[in-house]
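Quick notes on the structure that follows.
Counting starts at 1 for both ligands and their atoms, following the listed order.
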Amino acid sequence: MQYDVIVIGSGPGGYVGAIRSAQLGKKVAIVEKYDTLGGTCLNVGCIPSKALLDSSEHYHHAVTRFTEHGIETSDVKINMKQMISRKNDVVNQTCKGIEFLMKKNKIDVYIGQGSFMSQNIIAIESASGRKEIKGKQIIIATGSKPIVPDVFHYDKNRVITSTEALNIDEVPKKMVIVGGGVIGLELGSVFARLGTSVDVVEFMDSILPTMDSDCGKELMRSLKKLGMTFYLSHSVTGVTATKTGCTVNVQKRDSDKNFDIKADYCLVAIGRKAYTDGLNLEAAGITVDDKGRINVNEHLETTVSGIFAIGDVIKGAMLAHKAEEEGIFVAEYIAGEKPHIDYNLIPGVVYTWPEVAAVGKTEEELKASGIPYKSGKFPFKALGRARASMDTEGFVKVLADKNTDEVLGVHMVGPRVADVIMEAVALMEFRASAEDMSRISHPHPTYTEAVKEAALAATGNRALHI
Ligand code: FAD
Ligand code: NAD
């Protein structure tokens, strides 16, 4: 079979790239090695983690906040099996939705492991046999897998990654999480809210070390109140597991002091690596960098003309919306259009409570590059909307160029900031100034008023409610 475009991998990069190519009149095939479409994001990432974050948040509110709201409940119990079953339903519905979209856009779906035979022939191996298809252009969107060094003795039973953590169907008593990054804090929140004693071991001296440092500090205060314990500047040197538990050896950085923590589970969340196993990249002459990521140029074209790579398998943030933008970019580039991605404006969100959201430069990045800036900060506790919902933790921080007033970065910790951040992304796309941001009418009472107030503060101490 001959196609204009073959996409390998059906995650948010691959399936979106396939749809956009089909919209642009191409004959498209998508190859996926698992039985369900949607990749990491839909099956074992974004969607199931958010389903459990929502369920655990409802439970946590019921036991910690309802009384203050004047709602009397008795005997609130967790039915973990039902929680997991609802999560699975959400995943199934979402993945089925991708199947529908493939049919709607007349995209041929091949289930099986794809590998290069040459620069334009892809072999597909599955239980039902082997096929070969030919493509004028090929898009590699094979995603990433968790990093788990051998010393952790990953057994998928007691030493686990996010994939297994999303299916634990009883509330563990104790969990050690290696890595205070996005996965560690989101899944750590799920279990801490349900009553698990959660210890986070983070190698750096703050959680979320790549985000603006104010965000990590603020979030850590909230997560400590939730009962989570943090070992910053510590790393795990090894884990030993039995059938029913594990012992995690923890060492202080730059010291030989170490101690053991016994737990039901050790969740390893220290990052993910590009996944190219079985692709047989050599047959096409495609190269990877020192981290195993496929090398691409500014058009996301690999070292071989006509073969592109997108999403987690190349450099950059490992985010579903980044992969999607790249899928659209490549489809449009192949069709002769002139697409553009501003990587500086890809927002990052952590779905803890309070949530964390950011776009643009951090204060540390501005300092390091010597850009003169001014900063305005507004705390949620000064906002009527936040007091009404009892969600007063966090802040919005606006960073603007000292000379031109252009907004350079916006960083937030607080209620629903995962949604609120879009105002900053949109304004920065149009290169708005802090003054522009501060003069837009924001509905009252909403969490978005904190953005206006922070922008007012950035334009010279003009915040109205502090
Ligand atoms: P993937 O989604 O990884 O898809 C790659 C697909 O390729 C897979 O289905 C794989 O089976 C298939 N494949 C691989 N090799 C082959 C082959 N040889 N032949 C055929 N098929 C192959 N990001 C966010 O933006 N927001 C979030 O809230 C979020 N939450 C997350 C929570 C967790 C627990 C995890 C693990 C990740 C989360 N992410 C989140 C990250 C997000 O899931 C990834 O950035 C995103 O899925 C990357 O998309 P992709 O298309 O590049 O690859
Ligand atoms: P991460 O890079 O976000 O965090 C890993 C953390 O582990 C870092 O803070 C790092 O300093 C620490 N670390 C590394 N080695 C360590 C060691 N030996 N001991 C202790 N700490 C160590 O990675 P992640 O949390 O595994 O997530 C992987 C990817 O998935 C991320 O790139 C993220 O973008 C994506 N993701 C995104 C979302 C979201 O957008 N909400 C949610 C989950 C995952």
Return a yes/no value for Gly311: is any of its N or O atoms, backbone included, closer than 3.5 angstrom to an N or O of ligand 1?
no
Out of all atoms in ligand 2, which are within 4.0 Å of some heavy atom of Gly179? Include the element for each.
6 (C), 7 (O), 12 (C), 21 (N)
Any idea which atoms of ligand 2 are less than 4.0 Å away from a heavy-atom of Tyr351?
41 (N)
Does Val313 come within less than 4.0 Å of ligand 1, judged by its heavy atoms?
no
Roughly how far apart are Ile78 CD1 and Lys81 NZ, rounded to 0.5 Å?
12.5 Å
Do Tyr34 and Gln113 meet the criterion of a side-chain donor-acceptor pair at a distance under 3.5 Å?
no
Proximity to ligand 1 by part of Ala141, non-hydrogen separation under 4.0 Å:
backbone
Near Ala269 (heavy-atom distance under 4.0 Å), the atoms of ligand 2 are 5 (C), 6 (C), 7 (O), 25 (O), 26 (O)
Would you say ligand 1 has an N or O under 3.5 Å from any N or O of Gly114?
yes
side-chain hydrogen bond (donor to acceptor under 3.5 Å, both in side chains) contacts touching residues 171-193 (sequence neighbours left out):
Lys50-Glu186, Ser56-Arg193, Lys174-Ser197, Lys174-Asp199
Measure the distances from the heavy atoms of Lys322 to every atom of ligand 1 and state whether one is below 4.0 angstrom.
no
Taking 4.0 angstrom as the limit, do Lys136 and Asp4 come out as a salt bridge?
yes
Tell me, which protein residue and heavy-atom name are nearest atom 38 (C) of ligand 1, and how many Å apart are they?
Cys46 N, 3.9 Å
Examine ligand 1 and decide if any of its atoms is less than 4.0 Å from a heavy atom belonging to Pro48.
no
Specify side chain, backbone, both or neither for Val349, according to which of its non-hydrogen atoms lie closer than 4.0 Å to ligand 2.
backbone
Could you check atom 8 (C) of ligand 1 against the protein and tell me its nearest heavy-atom contact, residue, atom and distance included?
Glu32 OE1, 3.5 Å
Under a 4.0 Å N-O cut-off, is there an ion pair linking Glu393 with Arg221?
no
By number and element, which atoms of ligand 2 are closer than 4.0 Å to a non-hydrogen atom of Met204?
11 (O)
So for Gly271, does at least one of its heavy atoms come nearer than 4.0 angstrom to any atom of ligand 2?
yes
Any idea which atoms of ligand 2 are less than 4.0 Å away from a heavy-atom of Val201?
20 (C), 21 (N)
With heavy-atom distances below 4.0 Å as the criterion, list the atoms of ligand 2 near Met318.
32 (O), 33 (C), 34 (O), 35 (C)
Compute the minimum heavy-atom distance from Val44 to ligand 1 and say whether it is under 4.0 Å.
yes
Record the part of Ser144 in heavy-atom contact with ligand 1 below 4.0 Å; permitted values are side chain, backbone, both and neither.
backbone
For the 3.5 Å polar cut-off, considering only N or O atoms, please tell me whether Glu186 and ligand 1 meet it.
no
Does ligand 1 come near enough to Met318 that some N or O of the ligand is less than 3.5 Å from an N or O of the residue?
yes
Which heavy atom of the protein is the closest neighbour of atom 37 (C) of ligand 1, given with residue, atom name and distance?
Gly45 CA, 4.0 Å
Sub-3.5 Å N/O-N/O distance, Asp277 and ligand 1
no
Could you identify the single nearest non-hydrogen protein atom to atom 30 (O) of ligand 2 and state the distance to 0.1 Å?
Arg272 CD, 3.8 Å
Using a heavy-atom cut-off of under 4.0 Å, does the side chain or the backbone of Leu37 touch ligand 1, or both, or neither?
neither
Can you confirm whether more than 12 heavy atoms, excluding those of Asn297, are under 6.0 Å from its CG atom?
yes
Give me the nearest non-hydrogen protein atom to atom 25 (O) of ligand 2 as residue plus atom name, then the distance to 0.1 Å.
Ile183 N, 2.9 Å
So, does Glu324 sit close enough to ligand 1 that a heavy atom of it is under 4.0 Å from the ligand?
no
Check each of Arg272, Glu326, Lys145, Glu125 against atom 36 (C) of ligand 1 and report the one with the nearest heavy atom.
Arg272
Is it the side chain, the backbone, both or neither of Ser235 that has a heavy atom closer than 4.0 Å to ligand 2?
both
N/O to N/O below 3.5 Å, does that happen between Tyr351 and ligand 1?
no
Classify the side-chain pair Tyr3/Asp108 by whether it contains a donor and acceptor separated by less than 3.5 Å.
yes
Salt bridge flag under 4.0 Å for residues Arg130 and Glu132:
yes
Ligand 1 to Lys50 polar contact by distance, N or O atoms, under 3.5 Å:
yes
I need the nearest protein heavy-atom contact for atom 16 (C) of ligand 2: residue, atom name and distance, please.
Ile270 CG2, 3.5 Å
Nearest 0.5 Å please: distance from the CD atom of Glu57 over to the CG atom of Leu194.
11.5 Å
Name the closest protein heavy atom to atom 4 (O) of ligand 2, giving the residue it belongs to and the distance to 0.1 Å.
Gly181 CA, 3.2 Å
Check: Tyr231 ring centroid to Phe259 ring centroid under 6.0 Å
yes
Location of contacts on Ala323 toward ligand 1, heavy atoms closer than 4.0 Å:
side chain
Please write down residue, atom name and distance for the protein heavy atom closest to atom 8 (C) of ligand 2.
Glu202 OE1, 3.5 Å
Give me the nearest non-hydrogen protein atom to atom 21 (N) of ligand 1 as residue plus atom name, then the distance to 0.1 Å.
Lys33 N, 3.1 Å
Gly39: numbered ligand 1 atoms lying under 4.0 Å from its heavy atoms:
2 (O), 4 (O), 8 (C), 9 (O)
Min heavy-atom dist Gly278 to ligand 1 below 4.0 Å:
no
For ligand 1, does Thr142 get within less than 4.0 Å through its side chain, its backbone, both, or neither, judged by non-hydrogen atoms?
both
Measure the OG-CD distance between Ser305 and Gln119 for me, rounded to the nearest 0.5 Å.
8.0 Å
Taking 4.0 Å as the limit for heavy-atom contacts, which would you say applies to Leu208 with ligand 2: side chain only, backbone only, both, or neither?
neither
Between Thr247 and Asp260, do the side chains contain a donor N or O and an acceptor N or O under 3.5 Å apart?
no
Pairing donors with acceptors under 3.5 angstrom, does anything connect the side chains of Glu355 and Thr352?
no
Nearest-option assignment for atom 3 (O) of ligand 2, heavy atoms, candidates Val350, Val182, Leu53
Val182
Using distance alone, decide if ligand 2 has a nitrogen or oxygen within less than 3.5 Å of any nitrogen or oxygen in Val178.
no
Looking only at protein heavy atoms, identify the closest one to atom 20 (C) of ligand 2 and say how far it is in Å.
Phe203 N, 3.3 Å
Show, in sequence, the C-alpha distance, side-chain angles and deciding distance for Val410 and Met428, and conclude whether the side-chain contact (heavy atoms from CB on, under 4.5 Å) test is met.
CA-CA 9 Å; Val410 179; Met428 287 173 70; 4.3 Å; yes
From Thr237 atom OG1 to Asp256 atom CG, the distance as rounded to the nearest 0.5 Å
12.0 Å
